[in-house]
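See below for the structure under consideration.
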Amino acid sequence: AVAAGLNLSEETYLGARRALGDKEPLTWRTENNYAEALRMVGYPDLAAKIDAPLLKKRILHYGAGSIQALVSASNLALDYLAMGNEAETMQALLLQKRCAAELADPTSEHVAQADTWIAYAKAYFHPDRALSPAELIAVTAPLSVSDRIGRANLRTLETEGTSAIRDLLS
């Protein structure tokens with residue numbers, strides 16, 4: 001079933017490319033889906049070869065402050081994370097965060113999600129390094145924690161450390 005699904009995803013992408021061409025955003029969506037299928041079945045290296053140029057196309061077409069660029073940056077980061085490439089993972093995650101910030105949607109939690117992924121990647125690549133209080137919040141608390149406790153309290157966490165985290169989350 002997995003092989004059939006992967007083949008279907010590839011054929012959908014190739015069919016869109018033949019019918020619509022490489023410059024059509026609908027083709028890019030099927031390309032994105034094919035790369036995701038590859039990543040999900042253990043081929044992040046092949047997915048990255050699709051996701052990297054797709055990210056560039058989407059930034060050029062939609063701008064860095066688009067959900068399409070955000071998704072592509074996130075996907076590329078997941079590719080590199082699965083391949084164990086720390087430098088490329090961090091670069092893609094920082095781009096994901098920049099895209100999230102440029103979306104300029106005060107109700108979204110895309111920046112917080114990016115912070116969570118950055119903290120997770122740091123912990124993944126450096127399991128013996130202690131996380132900062134802000135990183136602990138990012139990986140353990142609900143994404144809406146910044147709304148719940150406020151920015152001033154986040155600054156307090158950065159200066160007072162782990163005990164402040166326990167107090168705020170209890």
Does M90 share a hydrophobic cluster with L95, counting links as ILVMFWY side-chain heavy atoms below 4.5 Å and allowing steps through other members?
no

Is the shortest heavy-atom distance from the side chain of L76 to the side chain of Q91 under 4.5 Å?
no

Please list, one pair per line, the donor and acceptor atoms closer than 3.5 Å that link side chains of residues 54-63 to other protein atoms, with sequence neighbours excluded.
residue : atom : partner : partner atom : Å
K57     : NZ   : E31     : OE1          : 3.1
R58     : NH1  : Q68     : O            : 3.4
R58     : NH1  : S72     : OG           : 2.9

Quick one: pull up CD in Q96 and CG in N75 and give me the separation to the nearest 0.5 Å.
9.0 Å

Please test T89 against Y124 for side-chain contact (heavy atoms from CB on, under 4.5 Å), starting from the C-alpha separation and ending with a verdict.
CA-CA 11 Å; T89 299; Y124 177 80; over 6 Å; no

Determine, using the 4.5 Å side-chain heavy-atom cutoff (strictly less than), whether L78 and I118 are members of one ILVMFWY cluster.
yes

CG (L38) and CG (D51) are apart, to the nearest 0.5 Å, by 9.0 Å

Looking only at non-hydrogen atoms, find the nearest pair between A121 and L93 and report the distance.
CB-CD1, 3.7 Å

Which pairs of donor and acceptor atoms, one on a side chain in residues 3-12, lie under 3.5 Å apart (sequence neighbours left out)?
residue : atom : partner : partner atom : Å
N7      : ND2  : A3      : O            : 3.3
S9      : OG   : Y34     : N            : 3.4
E10     : OE2  : Y34     : OH           : 3.3
T12     : OG1  : L8      : O            : 2.8

Measuring from atom CZ of R39 to atom CG of D79, what distance do you get when rounded to the nearest 0.5 angstrom?
4.5 Å

Side chain of T27, backbone of D22: donor and acceptor closer than 3.5 Å?
no

Do L70 and L94 land in one hydrophobic cluster if side-chain heavy atoms of ILVMFWY residues count as linked below 4.5 Å?
no

CE of M40: more than 12 outside heavy atoms within 6.0 angstrom?
no

Please round to the nearest 0.5 Å and tell me the distance separating atom CE of M83 and atom CG of L46.
9.5 Å

Contact between I50 and Y13 at the side-chain level, heavy atoms closer than 4.5 Å - yes or no?
no

Between A73 and A92 the two heavy atoms that sit nearest each other are O-CB, 3.8 Å

Do D115 and W117 come close enough that some side-chain heavy atom pair is under 4.5 Å?
no

Locate the shortest heavy-atom distance separating E88 from N85; write the atom from each residue and the value.
N-OD1, 3.1 Å

If you look at every heavy atom in T30 and A16, which pair is closest and at what distance?
OG1-CB, 3.6 Å

